[in-house]
Amino acid sequence: MSKKIYLYGNWKMNNTYAETEAFFKDFPAVYNPVKDAPDLEVGIFAPFTSLWPLSQAAKKEGFIFGAQNVYYEASGAFTGEISIPMLKEYGVTHVIIGHSERRHIFFEPDEMIAKKVKALLDAGMTPVFCYGETLEERESGNTFTVMERQIKSAIAGLTPAETAKIIYAYEPVWAIGTGKTATPAQAEEVCKWSRELIGQKEAVILYGGSVKGSNAKELLSQPDIDGALVGGASLKPAPFIEIYTAYKG
Ligand code: PGA
């Protein structure tokens, strides 16, 4: 059997409530032909304000959905934050943690990211943990040092059973939203290396950074890449699902 492919869409700060409803008017027609593919898992990660219409569509269409961030405390004086119990009421099972935009624009440190990962695992939820190097870090030869710090910090103190439950996403910062994709060899090199560092042969490791229909086949065919975390190409149903059909093509 062919390997399972994870196709996860990260909408970032895009799609209002009304736009989310409009997305799911068009979605079934595009999604139905691949909906029951045994090797495909689709996930959509939306802004908090779109979680309600997203949860309704997910129930109907049968895909995974989640949030793009969460705070690790259950409640309290944390103005502007959203907690795990709040997400659970919406049926959220997966949450993106440590996305480079959270790290670089909102200065989330490794320690905070690690606490979020642990809190989600404790709640029986799945963290989609992102890591990756900036262009400067790559060009100065620090790619692996930086990522080792990011990954080790997130999994320190976790049991092997817990590290196996995390979904990992390698996203080189220089490839996110830039149209510059890592070459399949570059992405495979890092995903293979990550698998060894994590110490889980069966770990699910995604690649993210300008994934689209035209580069999906080469990237997703790499042995250590289990799927894609997609930003820009996930905002409309057709280019999003095309990533899977192009891979299968
Ligand atoms: P992109 O974003 O596909 O628009 O490059 C990927 C991501 O940041 O998850």
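All values derive from a computational prediction rather than experimental measurement. Numbering of ligands and ligand atoms starts at 1, following listing order.
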- Item | Short side-chain donor-acceptor distance under 3.5 Å, S100 and E171 | no

- Task: Indicate whether any N or O donor in one side chain lies under 3.5 Å from an N or O acceptor in the other, for Y244 and E41.
- Result: no

- In ligand 1, the atoms that come under 4.0 Å of a heavy atom of A175 are 5 (O)

- Message: I need the contact type for C130 against ligand 1. Using non-hydrogen atoms and a strict under-4.0 Å cut-off, is it side chain, backbone, both or neither?
- Response: neither

- Ligand-residue contact atoms, ligand 1 with N10, heavy atoms, under 4.0 Å: 9 (O)

- Could you list the atoms of ligand 1 found under 4.0 angstrom from a heavy atom of G209? 5 (O)

- Message: Quiz question: by atom type and distance under 3.5 Å, do the side chains of W174 and E136 form a donor-acceptor pair?
- Response: no

- Task: Could you tell me which atoms of ligand 1, counted from 1 in the order shown, lie closer than 4.0 angstrom to a heavy atom of S210?
- Result: 1 (P), 3 (O), 5 (O)

- Query: Using the ring of each side chain (for Trp, its six-membered ring), is Y8 parallel, tilted or perpendicular to H94, with breaks at 30° and 60°?
  - Reply: perpendicular

- Salt bridge between K152 and E148, side-chain N to carboxylate O under 4.0 Å? yes

- Message: With rounding to the nearest 0.5 angstrom, report the OG to CD distance, S50 to E19.
- Response: 8.5 Å

- Return the residue, atom name and 0.1 Å-rounded distance of the protein heavy atom closest to atom 3 (O) of ligand 1. G231 N, 2.8 Å

- Query: Among the heavy atoms of H99, does any lie under 4.0 Å from an atom of ligand 1?
  - Reply: yes

- Query: Is a salt bridge present between K115 and E73, judged by a nitrogen-to-oxygen distance below 4.0 Å?
  - Reply: no

- Are F63 and F27 an aromatic pair by the rule of ring centers under 6.0 Å? yes

- Identity and distance of the protein heavy atom lying nearest atom 7 (C) of ligand 1: E171 OE2, 3.2 Å

- Query: Atoms of ligand 1 less than 4.0 Å from G177 heavy atoms?
  - Reply: 1 (P), 4 (O), 5 (O)

- Message: If we only consider heavy atoms of G208, is any one of them less than 4.0 Å away from an atom in ligand 1?
- Response: no

- Item | Under-4.0 Å heavy-atom contact with ligand 1, by part of I176 that carries it | both

- Message: Show me which atoms of ligand 1 lie under 4.0 Å from any heavy atom of G232.
- Response: 1 (P), 3 (O), 4 (O)

